[in-house]
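This report concerns only the one structure given below.
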Amino acid sequence: MCGIVGVVGKSARDIILNGLTNLEYRGYDSAGIYLNDQNGHEYLTKAVGRISNLKEKLTPDEQGLVGIGHTRWATHGKPTVDNAHPHFDETKRFYLVHNGVIENYAELKKKYLQGVKFHSDTDTEAVVQLVGKIARDKNLDGFSAFKEALKLVKGSYAFLLIDNTEPDHVFIAKNKSPMMLGIGDGFNIIASDAISVLDQTKTFVDLQDGDVGDITKDSYTIETVDGKKVDREPHVLNIDPNAASKGAYEFYMLKEIDEQPGVMRHISQDYLDENNGTKVDPKIVDAVAQSDRIYILAAGTSYHAGLVGKQLFEKYSDVPVEVGLASEFGYHFPKLSKKPFFIFLSQSGETADSRVVLKQVNERHLPSLTMTNVEGSTLSREATYTMLLEAGPEIAVASTKAYTAQIAVQAVLAKAVGEKKGVQEAKDFNLKHQLALAAEGMQQLVDGKEHIDDLAKKYLADTRNAFYIGRGIDYAVALEGALKLKEVSYIQTEGFAAAELKHGTIALIEKDTPVIALINDPATADLTRGNIREVEARGANVMVFAGKKFAQEGDDVVLPDIDYCLSPLLTIIPAQLLAYYASKNKGLDVDKPRNLAKSVTVE
Ligand code: M6R
């Protein structure tokens, strides 16, 4: 969380403000910018709230040829102007922005910074004060003082530091938090991700953990904290900048929901051949086929996609699967099977909770695969193998197309592994056809979005809580439907195994409580109808999303036919739309719900 942008060698203000606006998905509770015109004038401006508030505060004369900016997701200290970055040292020589968490900031303050006057409650300020103190005490230049300080700092960070005695440099350091160096013609840019500054350059250097750098307008030096030079070659990134634009849409979330049929076709083209054969790196297929158990680790929406993946791998690859919340698994490893294989699902590829698990997997020399939407992301670099989701940039904080892409890519791998092992179900699984059905069905469902808007207006406009219920695979979708609704509309929603309600939670059902029932499971369709009657009898307003085979008159959404294990690809579409409209109709910022950030890079 938190987004950072630094520029050296070009009018920095607009580049930083544009970059920060593109990075708002990483946090948006306060923002700040430091500019230096390299001619003795420097400016520091901070504002609570969005980048738009910061822009309003800036005066026209605040310009610079070097600068750093930050959009914050608060970890240490409330979202206030004082706690907003950039932070500075006591003598106002050094200015620092930071994405990450400094674990030993209290110790640093106690041990090295007694008597130093602090202006904020942040962990970050301890670092910039430490750089300043070291520079003063040891009479060091800025870069040397920075490296000395880094030797004492523990935690995750992407740092951008400016020393106003050398304002033609930006000093950088990376550990566990993402940071890219963009190479321009006569200028250089450093940012949390490449997409945020794609309008300035397409040439990037991937920075790695442990990198420390000195960036000027026409040079960059990367080294370790001990001064050992490191080679980092630039590469050209082939991303269409329009893929990350909103186009005619009011919100990214709806654009991304609408893009899902295209994502299914894309995955089909990339991962399946004309004869329904899979195109997956044989090394990955062999590694999974040799395993005796798959462990899927993820967080949030990706975890919910993993629950669907379990069904796919168990049916089509004939291998047992355990799905874990990364944040729990990381500190409570279960007894592993003899030949485990780990799959990390992560849209961003940066989720700190998942990285904790992967680190331990690597320490045990166990094989792993990251399925991610972001090429070159940290989880992708650190795992043995990567499969890309090919969903295109997902900007809205609420994940939609990455979820369906995760299910589809897991289906591809499940089939590939099953075929390798000679599993009959995998041979018979016409995934090419099923993904075509998914694309068609999704299109039909997004085309009917007005109807979902009507449902949102009718049932969700005034409610404070709601339930999703389902059994079998629908339970997994109920969890995701509930997460979507609560994160963007702030309606407290629980995803529930339909039959579990009567074991206690049904006490919460009262007149007009909205209950969304999902029905795709042949084994329990009739039983779920019974559970619906139970909540209706207590006054609930029930919406039913049912597969065509199970639909009855009066159901609110009839879902087109598809393989049972892939039914979440369709069931989730009206659920995503319901969340979208519930939020939009309340006048909320659908793409940037309160308290959230797109990539969760703190534990
Ligand atoms: O980038 P990841 O898929 O690893 O992120 C995991 C969760 O933080 C993410 O899915 C989150 O739950 C979304 N905001 C849900 O819409």
Side-chain angles (χ1 to χ4, degrees), residues 1 24-28 73 176-178 192-193 195 251-254 256-257 260 296-309 323-330 342-358 368-383 386-389 391-407 409-410 468 476-477 479-490 493 495 572 575-580 582-583 588-603:
M1 1 258 297
E24 267 195 330
Y25 72 87
R26 304 181 62 86
Y28 34 82
W73 188 87
K176 296 187 193 163
S177 297
S192 297
D193 74 21
I195 289 177
F251 291 105
Y252 279 107
M253 185 177 176
L254 188 60
E256 290 160 6
I257 291 172
Q260 292 175 101
I296 300 178
L297 281 313
T301 290
S302 297
Y303 169 74
H304 297 151
L307 296 175
V308 178
V323 190
L325 286 169
S327 54
E328 286 297 311
F329 205 97
F342 286 81
I343 297 180
F344 292 86
L345 295 181
S346 177
Q347 188 285 133
S348 63
E350 301 293 343
T351 299
D353 291 325
S354 297
R355 291 191 64 197
V356 170
V357 184
L358 179 52
S368 60
L369 161 71
T370 293
M371 286 187 181
T372 180
N373 205 26
V374 183
E375 195 174 356
S377 56
T378 309
L379 282 165
S380 146
R381 286 202 308 268
E382 291 177 353
T386 295
M387 285 175 81
L388 291 175
L389 299 177
E394 191 183 67
I395 313 288
V397 165
S399 187
T400 52
K401 61 179 179 170
Y403 169 79
T404 45
Q406 282 166 339
I407 293 172
V409 174
Q410 287 180 99
Y468 266 91
V477 186
L479 294 174
E480 174 58 9
L483 177 61
K484 281 291 88 70
L485 189 55
K486 66 187 141 190
E487 74 179 318
V488 297
S489 76
Y490 316 149
T493 314
I572 198 60
Q576 293 170 344
L577 287 166
L578 202 59
Y580 171 78
S583 173
L588 299 174
D589 185 344
V590 181
D591 287 339
K592 298 189 184 90
R594 68 184 177 208
N595 304 340
L596 297 181
K598 181 78 180 160
S599 35
V600 185
T601 50
V602 293
E603 278 185 60

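Ligands are counted one by one from 1 in listed order, and the atoms in each one are counted from 1 as well. Quick note: numbers below take in every heavy atom, side chains included, and nothing from hydrogens, waters or symmetry partners.
Across every non-hydrogen atom of Gln406 and Ser346, the tightest pair is NE2-N, 3.7 Å. Heavy-atom minimum distance, Val374 versus Ser380: O-CB, 4.4 Å. Residues Leu485 and Ala582 share a closest heavy-atom pair of CD1-CB, 3.8 Å. Leu369 and Ala383 make their closest contact through C-CB, 4.2 Å (heavy atoms, listed as atom of the first residue, atom of the second, distance).
Numbered from 1 in the order shown, with element, the atoms of ligand 1 that lie under 4.0 Å from a heavy atom of Ser399 read 15 (C), 16 (O). The Ala398 neighbourhood of ligand 1 comprises atoms 16 (O), with distances under 4.0 Å to a heavy atom of that residue. Numbered from 1 in the order shown, with element, the atoms of ligand 1 that lie under 4.0 Å from a heavy atom of Val600 read 8 (O). The distance from ligand 1 to the heavy atoms of Lys484 drops below 4.0 Å at these ligand atoms: 15 (C), 16 (O). Using a 4.0 Å cut-off to heavy atoms of Ser346, the atoms of ligand 1 that qualify are 1 (O), 2 (P), 3 (O), 4 (O). Close approach to Ser302 involves these atoms of ligand 1, each under 4.0 Å from a residue heavy atom: 2 (P), 3 (O), 10 (O).
No heavy atom of Glu350 sits closer than 4.0 Å to any atom of ligand 1. Residue contacts with ligand 1 include Ala299, since one of its heavy atoms falls under 4.0 Å from the ligand.
With no hydrogens or angles considered, no side-chain donor-acceptor pair links Ser377 and Glu350 at under 3.5 Å.
The single protein non-hydrogen atom nearest to atom 4 (O) of ligand 1 is Thr351 OG1, 2.4 Å, given as residue, atom name and distance. For atom 1 (O) of ligand 1, the nearest non-hydrogen atom of the protein is Ser348 OG, 2.6 Å. Scanning the protein heavy atoms around atom 16 (O) of ligand 1, the nearest turns out to be Glu487 OE2, 2.5 Å.
By the 3.5 Å distance cut-off applied to N or O atoms, Val397 is counted among the residues near ligand 1.
A distance-only check finds no donor-acceptor pair linking the side chain of Trp73 to the backbone of Tyr28 [under 3.5 Å]. Proximity of a side-chain donor or acceptor of Glu394 to a complementary backbone N or O of Thr400 within less than 3.5 Å is detected. Judged purely by atom type and a 3.5 angstrom limit, Lys401 has no side-chain atom pairing as donor or acceptor with the backbone of Glu256. Between the side chain of Asn373 and the main chain of Gly392, a donor-acceptor pair closer than 3.5 Å is present.
Evaluated by nearest non-hydrogen atom to atom 9 (C) of ligand 1, the leading choice among Leu297, Thr301, Leu596 is Thr301.
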